[in-house]
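Please read the structure below before turning to the comments.
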Amino acid sequence: VLKSEKIHTNGVDFHYTQAGDGAHCVLLLPGALGSALTDFMPQLKGLDEKKYNIICFDPRGYGRSRPPDRDWPLLYLQRDAYDAAAVMKALDIHRYSVLGWSDGGITGMILAAAFPGNVQRLLIWGSNAYITEDDMKLFKSIDNVDKWSPRMREPFVEVYGQSYFRLQWKAWVNAYGSYFTQRNGDICVGSLPNIKCSTLIVNGIKDPLVPQEHPLFLHKHIPSCRMVNWPEGKHNLHLRYSEEFNTLAEEFLD
Ligand code: TYC
């Protein structure tokens, strides 16, 4: 059974989706414009409800954490990380593991580095700590939502309606690009050595958006880090191969 709840902190009524009544608290962090419906249904429904208390947070302006409509400060991923930590604190949950996908994995790294006392374990996939010129070129392949497969696009349209989705996807493309243009591509490189918890990278070898240099760099610079290669995995490996992914996640969390 999924519960839909709200909690107020940092000036926003944050929406989150909750599943399970286990002792191990797990925070799910979605990717760009993501929330439970688009990014994490197989985890909310598939992870062991007796072992985990799963919280999937909608970042401000995403999913059902509206109002406010999303705005885009330069350090928008840093803001999401501090918001996520504030939501967990407001829920009176002080020890939790973090599963973060793509932008959510970046948020997870920043969170784990900034709040080492709160984060038990960190699992990330499809993430990067910096942006190269080549990444900016790959990134052009997703900036026009009309070129997405309907299977990827429709859930976002369902959550947001056409106009907010199109407006905010453009804004996200611009904001992500600002890390490249205004910070020399640095998203969160300085956070990596400060991640104190045990970390697992699931490396989708065939991820067309995230070239191999990124997981390799994360693996090298995060102190207690293991990496599992997934030969057939692309960007959305946790959706496409959800059972195998959930098994791997549970093995790591236990
Ligand atoms: N981080 C993006 C997301 O959350 C995906 C992405 C990865 C985009 C790498 C560009 O260079 C990139 N969906």
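Only this structure's heavy atoms are used, side chains among them; waters, hydrogens and symmetry mates stay out. Numbering of ligands and ligand atoms starts at 1, following listing order. Computed from a prediction, not measured in an experiment: that's the story for all the values here.
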His235 contact mode with ligand 1 (heavy-atom cut-off under 4.0 Å): side chain
Nearest-contact summary for atom 6 (C) of ligand 1 - protein heavy atom, Å: Leu209 CD1, 4.1 Å
Crowded around Lys6 NZ? As in, over 12 foreign heavy atoms under 6.0 Å? yes
Classify the contact between Trp172 and ligand 1 as side chain, backbone, both or neither, using a heavy-atom distance cut-off of under 4.0 Å. side chain
Report, in ascending order of atom number, the atoms of ligand 1 lying under 4.0 Å from any heavy atom of Ala32. 3 (C), 4 (O), 13 (N)
Please verify whether a non-hydrogen atom of Tyr130 lies at under 4.0 Å from ligand 1. no
Can you report which non-hydrogen protein atom sits closest to atom 2 (C) of ligand 1, along with the distance? Ser102 OG, 3.0 Å
Residue, atom and distance of the protein heavy atom nearest atom 7 (C) of ligand 1 read Val210 CG2, 3.9 Å
What residue and atom, counting heavy atoms only, is the protein's closest point to atom 12 (C) of ligand 1, and at what distance? Tyr176 OH, 3.2 Å
Is there a polar contact, in the sense of an N or O pair closer than 3.5 Å, between Asp103 and ligand 1? yes
Does any part of the side chain of His214, heavy atoms only, come nearer than 4.5 Å to the side chain of Tyr130, both counted from C-beta? yes
Quick one: which residue pairs count as a salt bridge (Lys or Arg N to Asp or Glu O under 4.0 Å) with a foot in residues 204-214, not counting sequence neighbours? Lys206-Glu232
Please identify each residue that fulfils salt bridge (charged side-chain N to carboxylate O under 4.0 Å, His left out) with Asp48, with sequence neighbours left out. none
Arg66 NZ/CZ over Tyr164 ring centroid, <6.0 Å and within 45° of normal: yes
Measure centre to centre between the rings of Phe115 and Tyr82, then say whether the value is under 6.0 Å. yes
Could you tell me whether a side-chain N or O of Ser127 sits under 3.5 Å from a main-chain N or O of Ile124, the two making a donor and an acceptor? no
